[in-house]
Amino acid sequence: GRAARDGAVVQPAALSSTGTLYLGDLTALSGPLQARLARALSTGEFRAEAGAMPWPLRARLIAAIRGPLDDAASRLHSELVSRFGVVRIA
């Protein structure tokens with residue numbers, strides 16, 4: 001798995017399970033990682049490493065951003081904004 005900035009590691013098996021994965025702040029992900037996530041949501045599979053065998057994406061993903069969506073939209077991969085349903089919580 002890959003380590004996030006906060007030290008958390010997401011193993012490929014976590015994304016291929018049928019559970020729920022919470023992503024605490026999408027804007028904290030790097031541009032390339034956001035692109036990989038968008039591709040995984042689009043294709044229904046992901047690769048843990050370049051050239052690795054694909055894993056099916058079966059987990060339910062819940063993601064959040066910190067601050068107003070309008071401010072964060074410029075820091076998010078455009079496909080991520082369209083792939084995630086948006087629910088505003090005040």
Side-chain angles (χ1 to χ4, degrees):
R2 292 227 169 195
R5 269 195 274 184
D6 63 357
V9 175
V10 176
Q11 297 293 332
L15 291 175
S16 65
S17 75
T18 57
T20 301
L21 180 63
Y22 175 72
L23 303 171
D25 186 4
L26 284 180
T27 60
L29 300 177
S30 69
L33 191 53
Q34 287 186 30
R36 287 181 66 193
L37 179 58
R39 189 170 35 255
L41 291 171
S42 174
T43 64
E45 62 185 26
F46 70 99
R47 296 174 189 272
E49 301 287 332
M53 294 291 294
W55 288 70
L57 178 61
R58 293 190 296 252
R60 179 179 36 238
L61 300 179
I62 298 174
I65 57 168
R66 295 192 178 160
L69 178 60
D70 297 336
D71 295 342
S74 65
R75 297 187 315 267
L76 290 171
H77 190 280
S78 60
E79 193 170 329
L80 280 182
V81 176
S82 65
R83 289 275 171 197
F84 280 100
V86 176
V87 176
R88 294 177 190 256
I89 300 173

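Predicted, not measured: the structure shown is a model, and the values here were computed from it.
- In plain terms, the two heavy atoms of Pro56 and Phe46 that are nearest each other are O-CE2, 4.0 Å.
- Residues Ile62 and Leu57 are members of separate hydrophobic clusters, defined by side-chain heavy-atom contacts under 4.5 angstrom among Ile, Leu, Val, Met, Phe, Trp and Tyr.
- Put simply, Ile65 and Leu21 are part of the same group of oily side chains (I, L, V, M, F, W, Y) that touch within less than 4.5 Å, one to the next.
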>> Before you tell me yes or no, could you show the steps for Leu80 and Leu29 under side-chain contact (heavy atoms from CB on, under 4.5 Å), namely the whole-Å CA-CA distance, both residues' side-chain angles and the distance that decides it to 0.1 Å?
In response: CA-CA 12 Å; Leu80 280 182; Leu29 300 177; 5.6 Å; no

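- Here the shortest heavy-atom pairing between Ser42 and Glu79 reads CB-OE2, 3.3 Å.
- Nearest heavy-atom pair, Asp71 versus Arg75, reported as atom, atom and distance to 0.1 Å: O-NH1, 3.4 Å.
- Scanning both residues, Gly24 and Ala64, for their nearest heavy atoms gives O-CB, 3.4 Å.
- To the nearest 0.5 Å, atom CZ of residue Arg39 and atom CZ of residue Arg83 are 12.5 Å apart.
- When atom types are taken as modelled, the side chain of Gln34 and the backbone of Leu26 share a donor-acceptor pair closer than 3.5 angstrom.
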